[in-house]
Amino acid sequence: MTPTAPDLAPTPSQTVGPFFGHALPYAEGPDLVPGWHPDAITIRGRVLDGAGAPIPDALVEIWQADGAGRIPSGAGGLRRDPDGFSGFGRCGTDAAGEYRFRTLKPGAIRPNASDTDASGTDASGADASGAGASGADVAGAGASGTGTSGAGAPYIAVLVFARGLLKPVRTRLYFPQDAAAHGIDPVLAAVPAERRPTLVAVAESDRTYRFDIHLQGERETVFLGI
Amino acid sequence: MTHPPYLHPDYKSTVLRAPSREPVMPRLGPDSVELTSPVFGHQELGVLDEDLTAHHAGEPLGERIIVTGRVLDGAGRPVRGTLVEVWQANAAGRYAHLGDRHPAPLDPNFTGAGRCLTDDDGRYRFVTIKPGAYPWRNHPNAWRPAHIHFSVFGTAFTQRLVTQMYFPGDPLFAHDPIMQSIPDQRDRDRLVSRFDLDTTVPEWALGYQWDIVLGDTPMEA
Ligand SMILES: [Fe+2]
């Protein structure tokens, strides 16, 4: 029984299949913040196939920084603490292919910032309104860390699983009011300019954004090989 | 290439769902949110979550099994405290899901969903029953080999993995376009668990071992 060297090739992906609905979604999955949260925003959209038909059996997951650009490091994505922010959300699409999240608008990631160094000054940097975002603001936010190496626009990481997807698609959601910061975002810079709009949510109202995800076709969303 | 391609026409549902364009390959900055992962705590899970046979008043029908293994990173290090979720059909090959129309019996004592956090050795362990094979409508006389669906987080969102674990020697492997979508036989074999007498508990349950290796994060690659 001599232990052998581990086989380090990665385990291959397989589809989530059609029958995850009794296992993966959970009641609080779409609600990263409670409805009474003063900074709550709604993100919603449809997942669509190459024929433009809604996909009613997709699973969307998001992972994001908080309003001050801090990446959450504490637990709580399954059982929410109303005073905390776990940054993780999960929502299955409905019969119309629609998903929905209630969350916070993330701030641009602050290098070396973690959610454990929250303080009054950090809170004052929160960009919940998003209205003041500009390239200068984002660069300034990086000054507390390692210069501007982490500078970029605020975004939410998005994963989509579905029957017929043998591995997930990975993308990012950016916000329309951060247009100035999009110009200095290193991931957007890698995307051909004419396809960048597929990564920018549409403001439906003050606090509601639409982000449709087209898996295939003319309007195919940009997916990231990360 | 370990993973299947998006488009595998033998699996019909990929035809309209596979992205048709090459993915964009950005260089992720060291502060990217995708290089971190959500974390989950024991207080978020129920104590019985990892025993799928204990979720109802009675015992489910079928062959009781133990499925265990380690979650490792590309360097062979244990991935500790990561969330592992599983779901599966019952012994008759029927899911406790409204959309499953397979005319096999539901089991009132089996839902078929569980979760746990890996321990300090990266180990997960579930008690469950062996799922049955089931038919699907991909092509005439199509049957899925018996499998347990797995979802794993890892330490970076880029490592997020959803896959399926199979049982050794299943005659349906060669006929299953989902398993066959993986180009290399060696990689397909990585999804097949190993019967293990040392894991088997006398007079109680057969034991299967299956390790999961997560991909390198882009920063390490
Ligand atoms: Fe299945």
Side-chain angles (χ1 to χ4, degrees), chain A residues 6-24 49-51 53 55 61 63-65 71-79 86-88 109 111 149-150 152 155 157 159 161-169 186-187 190-191 215-217 220 222-226, chain B residues 2-6 8 11 13-14 16-21 23-34 36 38-41 43-45 72 74-76 85 87 95-97 99-100 111-113 149 151 157-158 160-164 178 181-182 187 190-191 211-215 218:
Chain A
D7 179 357
L8 300 178
T11 302
S13 176
Q14 295 271 266
T15 179
V16 75
F19 298 137
F20 55 81
H22 63 302
L24 295 181
D49 73 12
I55 295 181
E61 290 184 350
W63 170 231
Q64 63 166 96
I71 299 173
S73 59
L78 290 175
R79 200 161 287 176
S86 75
F88 175 73
I109 302 292
S149 67
Y155 62 90
L159 282 180
F161 302 89
R163 173 175 64 85
L165 278 180
L166 286 161
K167 51 192 175 184
V169 291
V187 168
V191 177
L215 293 186
Q216 187 191 89
E220 186 172 316
V222 168
F223 300 116
L224 304 175
I226 57 175
Chain B
T2 296
H3 297 296
Y6 284 116
H8 184 68
Y11 175 21
S13 299
T14 67
L16 278 175
R17 295 186 174 189
S20 53
R21 305 196 191 216
V24 170
M25 309 291 286
R27 199 179 66 81
L28 287 182
D31 305 307
S32 300
V33 76
E34 292 93 344
T36 64
V39 294
F40 302 93
Q43 71 281 1
E44 299 181 78
L45 278 61
L72 305 168
E85 297 164 283
W87 68 103
Y95 283 91
H97 184 286
D100 187 356
T111 302
H149 294 267
S151 158
F157 214 45
T158 53
R160 185 88 179 79
L161 177 71
V162 167
T163 187
Q164 301 180 26
I178 292 181
S181 68
I182 300 165
D187 290 322
R190 296 181 209 290
L191 296 183
D211 289 347
I212 298 167
V213 181
L214 301 179

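As the structure is a prediction and not an experimental result, all values here were calculated from the model. In what follows, every chain begins at residue 1, and chains take the letters A, B, ... in the order their sequences are listed.
- In terms of heavy-atom pairs under 4.5 angstrom with chain B, the leader among A/S86, A/A75, A/A23, A/G76 is A/A75.
- Within the 4.5 Å cutoff, side-chain heavy atoms of B/P26 are placed close to those of A/L224.
- Rounding to the nearest 0.5 angstrom, the gap separating the CG atom in B/L72 from the OG1 atom in A/T11 is 8.5 Å.
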message: Working note: B/V162 + A/F20, criterion side chain to side chain contact (heavy atoms under 4.5 Å, CB included); need CA distance, chi angles, decisive distance, verdict.
response: CA-CA 11 Å; B/V162 167; A/F20 55 81; over 6 Å; no
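- B/Q164 touches chain A through backbone and side chain together, each having a heavy atom under 4.5 Å away.
- Heavy atoms of B/Y6 lying under 4.5 Å from chain A belong to its backbone as well as its side chain.
- When heavy atoms are compared at a cutoff of 4.5 Å, A/F161 approaches chain B solely by way of its side chain, counted from C-beta outward.
- For B/E44 (side chain) and A/G77 (main-chain N/O), a donor-acceptor pair under 3.5 Å exists by modelled atom type.
- Note on B/S13, B/P23, B/P38: by heavy-atom pairs under 4.5 Å with chain A, the leading option is B/P38.
- Of all the heavy atoms in A/P18 and B/H97, the pair that sits closest is O-NE2, 3.6 Å.
- Of the inter-residue distances, the one linking B/L191 atom CG with A/S13 atom OG reads 9.0 Å to the nearest 0.5 angstrom.
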- request: For the pair A/Q216 and B/L16, evaluate side chain to side chain contact (heavy atoms under 4.5 Å, CB included) and give the outcome as yes or no after the intermediate values.
  value: CA-CA 7 Å; A/Q216 187 191 89; B/L16 278 175; 3.7 Å; yes
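- Between chain A and the residues B/D211, B/I212, B/D100, the most heavy-atom pairs under 4.5 angstrom are made by B/D100.
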- request: Show your working on side chain to side chain contact (heavy atoms under 4.5 Å, CB included) between B/F157 and A/Q64 and close with a plain yes or no.
  value: CA-CA 10 Å; B/F157 214 45; A/Q64 63 166 96; over 6 Å; no
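- Proximity to chain A is limited to the side chain of B/Y95, based on heavy atoms less than 4.5 angstrom apart.
- The residue among B/P19, B/P5, B/G41 with the most heavy atom pairs within less than 4.5 Å of chain A is B/P19.
- In terms of heavy-atom proximity, A/G164 sits nearest to B/Y11 at N-OH, 2.8 Å.
- Annotation for A/V222 and B/V24: closest pair CG1-CG2, 3.6 Å, computed over non-hydrogen atoms.
- Atom CZ of B/R17 sits about 4.0 Å away from atom CD1 of A/I55, to the nearest 0.5 Å.
- Counting heavy atoms from C-beta outward, A/Q14 and B/S181 have side chains that approach closer than 4.5 Å.
- For the atom pair CD1 of A/I109 and CG of B/D31, the computed distance is 7.5 Å after rounding to the nearest 0.5 Å.
- With a 4.5 Å cut-off on non-hydrogen atoms, B/S151 touches chain A through its side chain but not through its backbone.
- With A/W63 contributing its side chain and B/V33 its backbone, the two residues share a donor-acceptor pair below 3.5 Å.
- Of all heavy-atom pairs between A/L166 and B/H8, the closest is CD1-CB, 3.7 Å.
- Atoms CG and CG, from B/L214 and A/L8 in turn, are 11.5 Å apart once rounded to the nearest 0.5 Å.
- When each of B/H149, B/R160, B/Q43 is scored by its heavy-atom pairs under 4.5 Å with chain A, the top score falls to B/R160.
- Minimum heavy-atom separation, B/I182 to A/P12: CD1-CB, 3.7 Å.
- In terms of non-hydrogen atom pairs under 4.5 Å with chain B, the most contact-rich of A/D49, A/L24, A/V169, A/L78 is A/L78.
- Within the 4.5 angstrom heavy-atom criterion, atoms from both the backbone and the side chain of A/A51 approach chain B.
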- prompt: side chain to side chain contact (heavy atoms under 4.5 Å, CB included) between B/E34 and A/Y155: does it pass, once the steps are laid out?
  reply: CA-CA 11 Å; B/E34 292 93 344; A/Y155 62 90; 3.7 Å; yes
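- Looking at B/L161, the atoms closer than 4.5 Å to chain A (heavy atoms on both sides) all sit in the side chain, from C-beta outward.
- Ranked by non-hydrogen atom pairs under 4.5 Å with chain A, the options B/G99, B/A96, B/S20 are led by B/S20.
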